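A short write-up of the structure that comes next.
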Amino acid sequence: MGRYFRRKLLIYGLTFIIAVSINFAVPRLMPGDPVARMLTRNSVANLESSEAMRGYFNDLFGLDVPLWKQYLNYWAALFQGDLGVSVFAFPAPVSSVVADALPYTLALLLPSILLSWVVGNALGAMAARNKLLDNGALPIGYVLTAVPYMWLAILLAWVGGILLGWFPVAGGYSFALTPAFTWTFIADLFHHWFLPFLSLFVVALGGWAIGMRNLVIYELESDYSNYLQALGAPNRLVRRYAFRNAVLPQITGLALQLGVVVGGALVTEVVFAYPGLGSLLLNAINNQDFFLLQGILLFIVIGVLVFNFLADVVYVLVDPRTRLGLEGGQS
Amino acid sequence: MALEVEGLKVHYRTVKGDVRALDGVSFSLEDGEIVGLAGESGCGKTTLGKSLIRLDGRMRHMGGTAVLDGTELPIGDDRAMNAHRWKEVSIIPQYSMSALNPTRKIGKMTAELLRSRGKSYRELKDELVRRLELVGLSEKVLDNYPIELSGGMKQRVVMVLSTLLDPSLLIADEVTSALDVTNQKAVAETLVRFRDMGFVKSMIVVTHDLSLVYQIADTIMVMYAGQIVEKASAETIIKSPKHPYTKALIGALPEVGLEYGDERLKSIPGKPPHLLNPPTGCRFRDRCPLASEECETEPPKVAVEAGHEVSCWKAVD
């Protein structure tokens, strides 16, 4: 098993290096010049001072050295935790801009993905071979999964925010409050968090439920289920085994979902004007903010790799077949 | 009399109508008897085996009774049947290789299964280990996952597990089909040993392999198109069959030691009738070389001698 994980780690390490390199290259391949953009923003008319500022910015962002040197500098800075200075939120460093947005994204996506996974799987498992649930609850799931997410999110914002007026429709917290560790602020955070969370939860729920229902039915048809029933095992035991085996592919699905969690739910964050990584990513692209873009993409890469590695570990723990395959068990 | 089946009818529900897989099957089984149930594919032998323990979702019990040790089995009632399963009737399924839950250790699965049936794993463990050793497996397999065992080992585990509660009747459904010849022999001998040691009282061995069943069965029943056409001792079925179908079936078997040269083995011409709308009268008559007018009416069950019954007009005289 140690060999397996060493090999996995090596693969993940290689992926990381390649991803970071691409991450370095992509913004530089994009059209446009961020320094020129900053100069226009500062509307410097004087040509001389403009040149001086260009020199200053180029030096500040490290754009005044050849590309290969930029690349090496990039790696060196990375290991010091220095992701550069943001153009769009100048002069804040990228790491602090990302660190400000990250909690919002995680708080939004982790609970919605995990909860929809748990509830969806439970619902799907119950609906398998159950006429009432299968014909009643699951069609709603089909509809929710088929609906365009954008439309659903806007609908939720409209119903929950405008029509009922129960929830605010935009922002991560009221602008009337300053972030502080107080009950009022936390309650306000939660208040703003609810609608975007609900939209993500509802949309993912149906997909998990439908998948689980089909998987459980497949397992209930399998030979070992038939054998258990022929030996008079009660339904409870048969379904428990079926569930346990059906959940294995769902774990892979969950890991894939969690991997992109750091990328944020761009559409959700845009619709609800939520200050997460998704909105930040959009801003970075709109402002040709190389360094911010690189910083965010780096987090996404790390997120995907970490969660995939976790999924590998969990899979090995729950499925003896993979575990034994690694140990070279006789078969 | 261990088992007494009377007029058993089991149909498959399909969109086109009922497929009469079992159309009035009657037979009886003595204590300690091993009955071989032979016939070609689709004749209803697996359906008969299954209907004595668990009807699958598409099967419907349409009539007839099965009485085991004096109590009638509630064939059509899946829930009521649960009490009898494993303890009184048990099965070694066709799919032994995949019959064990792949994500549970065999010992743990057995324990959970026993507990769910109100039995104590701890009390039965010694017996379980003893029987595993009897079939050449060590206690260690209980700590293994099914994928760690070979196909033959899984088959033996299933055999031990199925008979652990000493059922009165065991249905062995095509147990040797997936095995190579040496394993087939071992499995067949194990079945006989289980009977001799009293793990099971009587046994129905479902197979299409007449030569194998001949070695272990006391009695052989031949099925055709949902009905039993001939029943006699194994010796009689092989040496002097009376029903034209049985004769044809045995004629199609190769014999070891004989030179066939250019001569081809005889196959039975035609196909068995579709059981959606089975023909009236003798169902074999379209393929039967002896068929005559009288065959258009239902043939009688004739006792040629004690324990040898044939459903054929030609056996009357």
Side-chain angles (χ1 to χ4, degrees), chain A residues 1 4 121 125 128-131 134 212-252 311 313-331, chain B residues 49-50 52-57 78-106 108-119 143-151 153-154 157-158 161-165 167 171 173:
Chain A
M1 204 177 325
Y4 169 76
N121 279 334
R129 287 288 146 73
N130 179 329
K131 278 230 169 69
D134 213 359
M212 192 59 179
R213 167 195 172 268
N214 296 345
L215 285 165
V216 166
I217 286 181
Y218 177 79
E219 293 293 334
L220 286 176
E221 296 276 303
S222 69
D223 288 339
Y224 71 85
S225 294
N226 274 323
Y227 182 57
L228 285 173
Q229 282 168 328
L231 294 189
N235 248 333
R236 215 167 352 99
L237 184 73
V238 178
R239 288 193 85 102
R240 204 175 80 212
Y241 279 8
F243 179 82
R244 209 187 122 96
N245 292 342
V247 91
L248 295 176
Q250 296 288 80
I251 290 176
T252 317
V313 175
V314 170
Y315 217 90
V316 164
L317 289 180
V318 291
D319 190 349
R321 282 167 294 189
T322 49
R323 186 159 68 236
L324 295 165
L326 309 177
E327 285 165 357
Q330 79 261 38
S331 61
Chain B
K50 272 189 177 177
L52 291 174
I53 182 157
R54 181 172 173 262
L55 299 176
D56 70 31
D78 190 53
R79 234 166 245 266
M81 196 62 199
N82 248 353
H84 300 273
R85 291 184 183 130
W86 204 11
K87 296 174 185 173
E88 279 133 50
V89 197
S90 191
I91 187 166
I92 301 172
Q94 216 163 354
Y95 46 79
S96 288
M97 311 286 168
S98 51
L100 301 166
N101 183 356
T103 55
R104 273 277 192 276
K105 284 182 179 165
I106 288 161
K108 189 165 184 209
M109 194 205 103
T110 312
E112 285 175 336
L113 186 57
L114 279 168
R115 203 174 315 124
S116 78
R117 297 302 312 274
K119 298 274 176 187
D143 281 324
N144 283 137
Y145 288 98
I147 54 150
E148 296 176 88
L149 307 183
S150 70
M153 287 163 94
K154 274 186 263 194
V157 169
V158 169
L161 191 57
S162 287
T163 53
L164 186 61
L165 299 183
I171 298 147
D173 189 2

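Letters go in sequence order (proteins before strands), and every chain restarts at 1. As the structure is a prediction and not an experimental result, all values here were calculated from the model.
- Counting all heavy atoms, side chain and backbone alike, B/Glu148 lies closest to B/Asp143 at OE2-O, 4.4 Å.
- A salt bridge between A/Arg244 and A/Glu219 is absent, with no side-chain N of the basic residue lying under 4.0 Å from a carboxylate O of the acidic one.
- At a 4.5 Å heavy-atom cutoff, the contact between B/Ser162 and chain A is made by backbone and side-chain atoms alike.
- Only the side chain of A/Arg240 comes within less than 4.5 Å of a heavy atom in chain B; its backbone stays farther off.
- Neither the backbone nor the side chain of B/Leu165 has a heavy atom closer than 4.5 Å to any heavy atom of chain A.
- Neither the backbone nor the side chain of A/Asn235 comes within less than 4.5 Å of any heavy atom in chain B.
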For this session: I would like to know whether B/Tyr95 and A/Tyr227 meet side chain to side chain contact (heavy atoms under 4.5 Å, CB included); could you show each step before the answer?
Result: CA-CA 9 Å; B/Tyr95 46 79; A/Tyr227 182 57; 4.0 Å; yes
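- Chosen from B/Thr103, B/Ile53, B/Asp78, the residue pairing most often with chain A at heavy-atom distances under 4.5 Å is B/Thr103.
- Across all their heavy atoms, A/Ala125 and A/Met212 have their closest contact at N-CG, 3.8 Å.
- For a residue to count as touching a neighbouring chain, one of its non-hydrogen atoms must lie under 4.5 Å from one of that chain's; by this rule A/Leu231 touches chain B with backbone and side chain alike.
- Both the backbone and the side chain of B/Arg85 have a heavy atom closer than 4.5 Å to some heavy atom of chain A.
- Residues B/Met109 and B/Asn101 come closest through the heavy atom pair SD-N, 3.7 Å.
- Smallest separation of non-hydrogen atoms from A/Gly232 and B/Asn82: CA-OD1, 3.0 Å.
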